[in-house]
2 protein chains.
Amino acid sequence: MRAYDPSKYEPAAVTVDIVALTIREGRLQVLLVERGEEPYLGRLALPGGFVRSHRDNKGRVRGETLDAAAARELAEETGLVPGHAALTRVHLEQLATYGAPDRDPRMRVFSVAYLAFAADMPDPVSGGDAAGAAWVPVERVKRLAFDHAEILADGLERVRAKLEYTPLATSFVGVEFTISELRGVYAAVWGVEPHAGNFHRKVLSTPGFVVDVGEVTERGGSKGGRRARLYRAGDATLLHPALLRPAAEATS
Amino acid sequence: MRAYDPSKYEPAAVTVDIVALTIREGRLQVLLVERGEEPYLGRLALPGGFVRSHRDNKGRVRGETLDAAAARELAEETGLVPGHAALTRVHLEQLATYGAPDRDPRMRVFSVAYLAFAADMPDPVSGGDAAGAAWVPVERVKRLAFDHAEILADGLERVRAKLEYTPLATSFVGVEFTISELRGVYAAVWGVEPHAGNFHRKVLSTPGFVVDVGEVTERGGSKGGRRARLYRAGDATLLHPALLRPAAEATS
DNA sequence: GCAATAGTGTCTGTAAGACATTATGTT
DNA sequence: AACATAATGTCTTACAGACACTATTGC
């Protein structure tokens, strides 16, 4: 059980894979990279890589935390340097760990999957590792490498659920946003448009969800319409009462 | 990024650690083992061990899944053989993965934590690995080895939350149970006693939560009282509407 | 009989969903 | 003016929580 003798065991690798989500053109999109080697050469995959660790001069184990590895990979694949403005507002959370013995034919690989939510992520810049990286609408995603389709599915379910009881949606919009923009997040993630009037009242009546900035947008809609008030994210970590999605899984 | 060269990396070990919970004497209890070696010699810890993998004759990677490793460890530490009646009804789910570089002084160890919920778990039997294993009320747990206190805390929060929106509580009672017994689960896990009358009506009005067996208990309470109707777990996987805990985190 | 436990009925406040209406902007 | 979008108001239904009450059992 806790008798450590690593030599008895097949060496294992630990990676982080990122389900990075953003909303572009009103659609939920995921960051994918094209693989440049076997196996699954040319296939799309979630960005990811090894968790780094080593021993220092005195033989002590050193290395990065899982959270740090995920943040680093996300920065590398998007081509943004860590600390870039667009990266500081990214919400990162651990999703789950996948370790089926045959998930990678070369060796035993355990992948700790992370979820990343961000607003306004730019197109991945070339250079660095972001060779074939691109944002892809989730409904367009076809066959992925390894078990990444399963990881993505789990990630999507997690996001959809978390929108209900956390203010996570504010991670998908800018620092200042309108209620309509926030509603657009729910529409893109859930695939159903919440009722505008009820959504408006609901958001404002949930304590700590949003705070009024006291200003309005520069202009109304392109085809007319009143100018919308601006809000920032509030300090709540949980929504109470929750904002339940319609229909779905009422009976499941 | 996806360039595999394990030799460049410090070897890593992957373990599973189990937060096994049961209810005894009306209190939530967790399975702990006493460590028999350094570090943390003599300290209590969550049961766990290595995930096994090897290569077969043809050089292919073989091994157990994470779920299988968790089930195996649970069986070993409780002294129950896999397939034992008490083990077949155990609910096992992955909790999270912990990989701080200094969490184990000897080498880089990633621990995939699992949650296990069970009813009527016997005292761990001697022999096998269950040397110093015992059930301990969660409020009595003191200093644990490694980062196991954090893992336990995360596990407890997960259980408390899942009781709200899943029929998980039925995993803590026998195949047939009374509404009062079910209420006892909520009381033990949440630390607050739900209102008996409202709880009763609520459980019965939530579709798929429980199904009426059509019988009643052999006797009433030891100090008198009506005989209670018996129920089995229903087929719902999610409770709708949810059974929210009182007070807690209304504002947090 | 009394006390204890199981189970039901009633009332009130809150909130969700449907829908209508007002307010303010663009073309 | 016509239309679009933002924001608010009204109504109905569902449900949680408080509490009272009935039903059934052991002592």
Side-chain angles (χ1 to χ4, degrees), chain A residues 26 163-165 173 176-187 190 192-231 238-251, chain B residues 26 163-165 173 176-184 186-187 190 192-207 209-210 212-231 239-251:
Chain A
L163 279 200
E164 292 188 316
Y165 58 94
V173 292
E176 295 190 346
F177 52 86
T178 68
I179 302 293
S180 287
E181 288 170 354
L182 197 62
R183 178 160 45 85
V185 173
Y186 281 86
W190 283 349
V192 295
E193 181 87 17
H195 184 285
N198 292 338
F199 181 86
H200 197 104
R201 177 165 35 79
K202 172 83 186 169
V203 168
L204 295 186
S205 69
T206 301
F209 195 175
V210 299
V211 293
D212 194 331
V213 169
E215 295 172 19
V216 295
T217 51
E218 288 295 316
R219 316 182 7 112
S222 58
K223 289 176 290 186
R226 185 172 172 175
R227 292 193 284 187
R229 221 181 301 225
L230 288 170
Y231 297 86
L238 287 171
L239 300 184
H240 190 83
L243 220 160
L244 301 176
R245 32 186 166 174
E249 78 198 347
T251 57
Chain B
L163 280 201
E164 291 189 317
Y165 58 95
V173 292
E176 296 190 345
F177 52 86
T178 67
I179 301 294
S180 287
E181 288 169 354
L182 198 62
R183 177 161 45 86
Y186 281 86
W190 283 349
V192 295
E193 181 86 16
H195 184 285
N198 291 338
F199 181 86
H200 197 105
R201 177 166 33 79
K202 173 83 186 169
V203 168
L204 296 185
S205 70
T206 301
F209 195 177
V210 299
D212 194 332
V213 169
E215 295 171 19
V216 295
T217 51
E218 288 295 316
R219 302 182 21 106
S222 57
K223 289 176 288 186
R226 187 172 172 173
R227 292 192 285 188
R229 222 180 300 218
L230 288 170
Y231 297 86
L239 300 185
H240 190 83
L243 220 159
L244 301 177
R245 31 186 166 172
E249 79 199 346
T251 55

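A, B, ... follow the sequence lines: proteins, then strands. Residue 1 opens every chain. Predicted model, so just to flag it, every value in this text is computed and none were measured.
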- For A/Arg183 and D/dA4, give me the distance from atom CZ to atom C1', rounded to whole Å. 12 Å

- Looking at every strand, decide which applies to B/Ser205 at a 4.0 Å heavy-atom threshold: base, sugar-phosphate, or nothing. nothing

- Task: Would you check, one step at a time, whether the test side-chain contact (heavy atoms from CB on, under 4.5 Å) holds for B/Thr206 with B/Leu243?
- Result: CA-CA 9 Å; B/Thr206 301; B/Leu243 220 159; 5.6 Å; no

- Message: Please enumerate all residues that pass salt bridge (Lys or Arg N to Asp or Glu O under 4.0 Å) together with A/Arg229, with sequence neighbours excluded.
- Response: A/Asp212

- For B/Leu243 and for B/Gly221, find the nucleotide of DNA chain D with the closest heavy atom, then tell me which residue's nucleotide is more 5'. B/Leu243

- For B/Tyr165, the ring-ring contact (aromatic ring centres under 6.0 Å, His included) test, sequence neighbours excluded, returns none

- For A/Leu182 and D/dA6, what is the distance between atoms CG and P respectively, to the nearest whole Å? 12 Å

- Whole-Å distance, A/His240 NE2 to C/dT14 P, equals 12 Å

Provide a list of protein-nucleic acid N or O atom pairs under 3.5 angstrom, restricted to nucleotides 7-10 of chain D.
unit_1, atom_1, unit_2, atom_2, d
D/dA7, OP1, A/Arg229, N, 2.6

- Euclidean distance, atom CD of residue B/Glu193 to atom C1' of D/dG17 [Å, nearest integer]: 15 Å

- Query: Any donor-acceptor pair under 3.5 Å linking the side chain of B/Thr217 with the backbone of B/Gly220?
  - Reply: no

- B/Glu218 CD to D/dG26 P, straight-line distance once rounded to whole Å: 11 Å

- Atom CZ of A/Arg219 and atom P of D/dA4 are separated, to the nearest Å, by 15 Å

- Item | Nearest atoms (heavy-atom pairs only) where A/Ile179 meets A/Phe199 | O-CE2, 3.7 Å

- Task: List the steps and the verdict of side-chain contact (heavy atoms from CB on, under 4.5 Å) for B/Arg183 and B/Glu193.
- Result: CA-CA 8 Å; B/Arg183 177 161 45 86; B/Glu193 181 86 16; 2.7 Å; yes

- For atom CG of B/Leu244 and atom P of C/dA15, their distance in whole Å: 12 Å

- Query: A/Asp212 CG to D/dA6 P: how many Å, rounded?
  - Reply: 15 Å

